[in-house]
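What follows is a short report on a single structure.
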Amino acid sequence: MTDSNFNLFFHFQKQFKSHAAKPLLVTGANIKYSYADIDKESARLANYLSNLGVQIGDRVSVQVHKSPEALSLYLACLRGGFVFHPLNTGYQSSELDYFLSNAAPAVVVCDSESVELMGPLLKKHGIANLLTLNADGSGSLIADSRSCGEEFAVVHRDKDDLAALLYSSGTTGVPKGIMLTHNNLLTNAQSLNEAWAFNEDDVLLHALPIFHVHGLFVALGCVLLSGASMRWLPGFNTDAVIELLPKCTVMMGVPTFYTRLLDSNKFDKAVVKNIRLFVSGSAPLLAETFNEFEQRTGHRILERYGMTETNMNTSNPLSGLRKAGTVGFALPGVDVRVVGESGEVLAPGEIGDLQVKGANVFKGYWKMPEKTAEDFTADGFFNTGDKGVISEDGYVSIVGRAKDLIITGGLNVYPKELELIIDDLPGVKESAVIGVPHKDFGEAIVAVIVADGATELSEEAIISAMKTSVANFKVPKKAVFLDELPRNTMGKVQKNVLRETFKALLA
Ligand code: AMP
């Protein structure tokens, strides 16, 4: 690192200068925003927030729909040294109450429609400033900042200074504020940029939300460090994506983006003729999707693995074999290891807890020093909470979340092992295996199945097929059928919802 300013925007600024006239993004309605447009807008917003009294290190909480102006707001926070705190647009009153009390922001920015809900919360928590920003760019934030200056000197930030605060989804216990530093984001973006050979000729299809690591740091980091462009959609719409893909060279998505594309008969080789890279992450990509995608398009999707706490940890190679069902190799500068129950490092091929160490790993949980200490080992590795395995040749595979591990009659069962087998049975579209309370076994295995509609499926058929494939203690006690699996906005199957739904099934 030769530059002493670790402010992420300081490193983006080179591209803003050399590509001023070039489109940074083009919306679905074909409206172009040049690098200069976003540079000026974000400078105006940084000036505006600063004039409002927002200080370096203050949090700016943002619950808005995706828009070019929301991107400028994120960049304004980086420039000003304010801590960007994005909130999922789906959060409701009680969740927002917690986030605002915990993050204690100086400013909240929300959609005009949420003012009624936010107003009393700001009052309750003594937050002085409520600004609005709507999906179409209207609202008080942009209107009131129009007269502000279009220059803003990037604030100096050190390695460990916070750039962003993102909360974990909190499926177990209270959500935790994840403190990400400028250096976390910078080093990871540099590493991905190199690993995936981003360059100024790239055009990224951006259909991900920008309140989550994937769309916010991975996608924008690669584009803004390389001087690339984006085709910018407010969300994933299959037809809109198919229309724009021929104008793009890279797409990043969650697995559901890929299954939805495959569901469309308009999606073929011609649509992807200019694409050089498809990236998938945030949830496991089924081998079946990987294979079907390759057959349809000739592209092998590059799967990578990361989490909010760590940014990206591993990636399948750009050149070299991308293996279905694996998340590839540790990225340069990231140490990945698998450990057993007493913390001993396991040999290749053995399943255990995945731990990571590197400049990508977050600074700690906001206001939770004990929780932070609990999740780090004495030698500085972060325990991801994922179960994984590393092959002899270094490919990492995720077997599931540690908390998804089922312990039935004292024996450990990894849901992923069973899901892979069930997904291969004729008539099964996808499955999720969970543990539910059981008086003899502690937990009993239940397979939740979505049928593909092509073949008759019955619970008996599933269970007898499993009996021929796995040891008896791993055979599900019940198989239940749903029209679809509950998923969050990042495409992750919500097993906590399934466990709650079926908790009395065998009790
Ligand atoms: P989040 O912090 O919301 O990004 O969630 C991170 C979690 O998503 C990880 O700890 C993994 O459990 C899961 N995850 C992310 N990428 C993958 C992947 N490629 N395959 C399997 N699980 C993944």
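First listed ligand is number 1; within each ligand, the first listed atom is number 1.
By the criterion of a heavy-atom distance under 4.0 Å, neither the backbone nor the side chain of S168 is placed next to ligand 1. In T308, the parts holding a heavy atom less than 4.0 Å from any atom of ligand 1 are both the side chain and the backbone. In P284, the parts holding a heavy atom less than 4.0 Å from any atom of ligand 1 are both the side chain and the backbone.
By the 3.5 Å distance cut-off applied to N or O atoms, Y305 is not counted among the residues near ligand 1.
Outside the 6.0 Å centre-distance limit, the rings of F441 and F473 are not counted as a close aromatic pair. Remark: aromatic rings of H11 and F6 are distant, center separation not under 6.0 Å. Ring centers of F293 and F267: under 6.0 Å apart, within the cut-off.
Both tests do not hold together for R300 against Y258: distance to the six-membered ring centre under 6.0 Å, angle to the ring axis within 45°. With a 6.0 Å cutoff to the six-membered ring centre and a 45° limit on the axis angle, K357 does not count as a cation-pi contact of F376.
For R304, the heavy-atom gap to ligand 1 drops under 4.0 angstrom. Taking a 4.0 Å cut-off on heavy atoms, T384 fails to register as neighbouring ligand 1. Contact between R401 and ligand 1 is present, with at least one heavy atom of the residue lying under 4.0 Å from the ligand.
Contact atoms of ligand 1 toward G306: 6 (C), 9 (C), 15 (C), 16 (N) (distance under 4.0 Å to a heavy atom of the residue). Annotation for ligand 1: atoms under 4.0 Å from non-hydrogen atoms of V327 are 18 (C), 19 (N), 20 (N).
The salt bridge (Lys or Arg N to Asp or Glu O under 4.0 Å) contacts involving residues 377-391 comprise R337-D379, D353-K387, D386-R401, where partners must be two or more places apart or lie in separate chains.
When the shell of 6.0 Å around NZ of K363 is examined, it contains more than 12 heavy atoms from other residues, nucleotides or ligands.
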Can you give the donor-acceptor pairs under 3.5 Å from side chains of residues 203-224 to other protein atoms, not counting sequence neighbours?
| from | atom 1 | to | atom 2 | distance (Å) |
| --- | --- | --- | --- | --- |
| H206 | ND1 | K66 | NZ | 2.7 |
| H206 | NE2 | G215 | O | 2.9 |
| H212 | ND1 | H214 | N | 3.2 |
| H214 | ND1 | S282 | OG | 3.0 |

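Nearest to atom 20 (N) of ligand 1 by heavy atom, out of M307, E303, E309, is E303. Of the options H212, M490, M312, the smallest heavy-atom separation from atom 4 (O) of ligand 1 is shown by H212.
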